[in-house]
Asks: 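This is the structure, below, for whatever I ask next.
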Amino acid sequence: VQTCALPICLLNRRGLAESVEMLQRLMDRDTDRITVVFADMDRFKSVNDTLGHSAGDAVLQDIGRILREGVRRSDLIARYGGDEFVFVLPHTRREQALHVTERIERRIADLARRTGVDFGITFGYGETGAPHRGDVLDLIDAVDSEMYQAKRARRDRRAGSPAQPDPAYSGSTGTGP
């Protein structure tokens, strides 16, 4: 099952669970790794509060596009809820996933500058491998917890000022900074 907002389609939670189950069956004999990345937008509410919900929806679509373009076609990506996303990266070690998320984080920061609203993204990571590979859905839950710890630690260190807003993100009901 996918959540589609043209031109991007992401799995939803149910679609993720079904796809992970199939992926695990395919990789049962594989000795390679699966890395899970949990992504949560920081201060995304400020986008809706500043620009309005229609513009917030457009920004969320841009975020989905950035996330989808940031991973391989063989990787799973799902909107987990609200402004939370999950990546399942087969044949990927945690170190490789860090490189992927660093590129995504730069693109999200650029998007925030263009909108003129201060928001960002926090990632949590988990890795599992055969022959003792646990259930990937359990790993997602564990990474979710790790992500919240990372988010709390990072929030206190984050600083910066937003750039001027891009008129493309000015909502009819919102006002710019």
Side-chain angles (χ1 to χ4, degrees), residues 1-16 35-73 75-89 94 96-126 140-177:
V1 178
Q2 295 184 340
T3 301
C4 291
L6 293 177
I8 189 78
C9 289
L10 303 175
L11 294 169
N12 62 20
R13 273 178 103 152
R14 190 173 98 202
L16 177 67
T35 295
V36 170
V37 178
F38 200 102
D40 189 11
M41 300 306 301
D42 299 326
R43 300 171 308 283
F44 190 77
K45 183 180 181 305
S46 65
V47 174
N48 290 329
D49 292 348
T50 304
L51 303 176
H53 289 279
S54 293
D57 289 346
V59 172
L60 203 52
Q61 288 177 7
D62 285 344
I63 290 167
R65 186 174 17 266
I66 289 168
L67 299 178
R68 181 75 257 171
E69 290 170 356
V71 298
R72 302 167 298 196
R73 293 185 90 191
D75 297 331
L76 302 176
I77 184 168
R79 185 172 177 196
Y80 205 65
D83 59 2
E84 299 171 332
F85 301 88
V86 173
F87 304 58
V88 178
L89 311 174
R94 182 181 172 123
Q96 294 166 306
L98 287 169
H99 293 297
V100 169
T101 57
E102 286 169 356
R103 287 191 306 269
I104 290 171
E105 189 170 21
R106 285 191 299 271
R107 290 192 63 197
I108 295 293
D110 182 57
L111 177 62
R113 280 190 295 280
R114 286 187 321 216
T115 63
V117 179
D118 182 32
F119 66 90
I121 191 165
T122 298
F123 297 100
Y125 304 87
I140 289 170
D141 289 339
V143 174
D144 183 14
S145 295
E146 179 184 331
M147 187 277 312
Y148 279 111
Q149 292 171 2
K151 187 169 183 162
R152 279 193 296 272
R154 184 174 181 202
R155 182 178 288 152
D156 294 334
R157 292 190 310 247
R158 182 153 170 97
S161 60
Q164 293 301 312
D166 182 331
Y169 294 106
S170 298
S172 59
T173 60
T175 58

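All of these numbers come straight from a predicted model, not from anything done at the bench. Because only heavy atoms are used, hydrogens play no part in the values below, and waters and symmetry mates are left out as well, while side chains stay in.
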Asks: Determine, for Arg107 against Asp110, whether the closest basic-nitrogen to carboxylate-oxygen distance falls under 4.0 angstrom.
Replies: no
Asks: Would a line drawn from the ring center of Phe123 to the ring center of Phe38 be shorter than 6.0 Å?
Replies: no
Asks: Just by modelled atom types, is the Val47 backbone N or O under 3.5 Å from a matching donor or acceptor in the Thr50 side chain?
Replies: no
Asks: What is the distance from atom CZ of Phe87 to atom OH of Tyr125, rounded to the nearest 0.5 Å?
Replies: 9.0 Å
Asks: Could you check whether any side-chain heavy atom of Ile66 comes within less than 4.5 Å of a side-chain heavy atom of Ile108, counting everything from C-beta outward?
Replies: yes
Asks: Can any side-chain N or O of Arg79 pair as donor or acceptor with the backbone N or O of Gly82 at less than 3.5 Å?
Replies: yes
Asks: Is any side-chain heavy atom of Thr35 closer than 4.5 Å to one of Gln96?
Replies: no
Asks: Hey, what do you get for CG (Leu98) to CZ (Arg103), rounding to the nearest 0.5 Å?
Replies: 11.0 Å
Asks: Is the shortest side-chain heavy-atom distance between Val88 and Asp75 below 4.5 Å?
Replies: no
Asks: CG/Asp83 to CG/Asp42 distance, rounded to the nearest 0.5 angstrom?
Replies: 8.5 Å
Asks: Might you work through the side chain to side chain contact (heavy atoms under 4.5 Å, CB included) test for Leu10 and Leu67, ending with a clear yes or no?
Replies: CA-CA 9 Å; Leu10 303 175; Leu67 299 178; 5.5 Å; no
Asks: Taking Asp118 as the fixed residue, which of Arg113, Arg43, Lys45 is the one that meets the salt bridge (charged side-chain N to carboxylate O under 4.0 Å, His left out) rule?
Replies: Arg43
Asks: Under 4.5 Å between any side-chain heavy atoms of Thr101 and Val37, yes or no?
Replies: yes
Asks: First locate atom CG of Leu60, then atom CZ of Phe44, and finally report the distance between them rounded to the nearest 0.5 Å.
Replies: 4.5 Å
Asks: Kindly indicate whether the side chain of Val86, heavy atoms from C-beta on, has any atom under 4.5 Å from the side chain of Ile77.
Replies: no
Asks: When rounded to the nearest 0.5 angstrom, what distance separates CD1 in Ile121 from CD in Glu105?
Replies: 7.5 Å
Asks: Strictly by modelled atom types, are Thr122 and Asp40 linked by a side-chain donor-acceptor pair under 3.5 Å?
Replies: no
Asks: Measure across Ala97 and Leu89 and return the closest heavy-atom pair with its distance rounded to 0.1 Å.
Replies: CB-CD1, 3.8 Å
Asks: With rounding to the nearest 0.5 angstrom, report the OG to CG distance, Ser54 to Asn48.
Replies: 9.5 Å
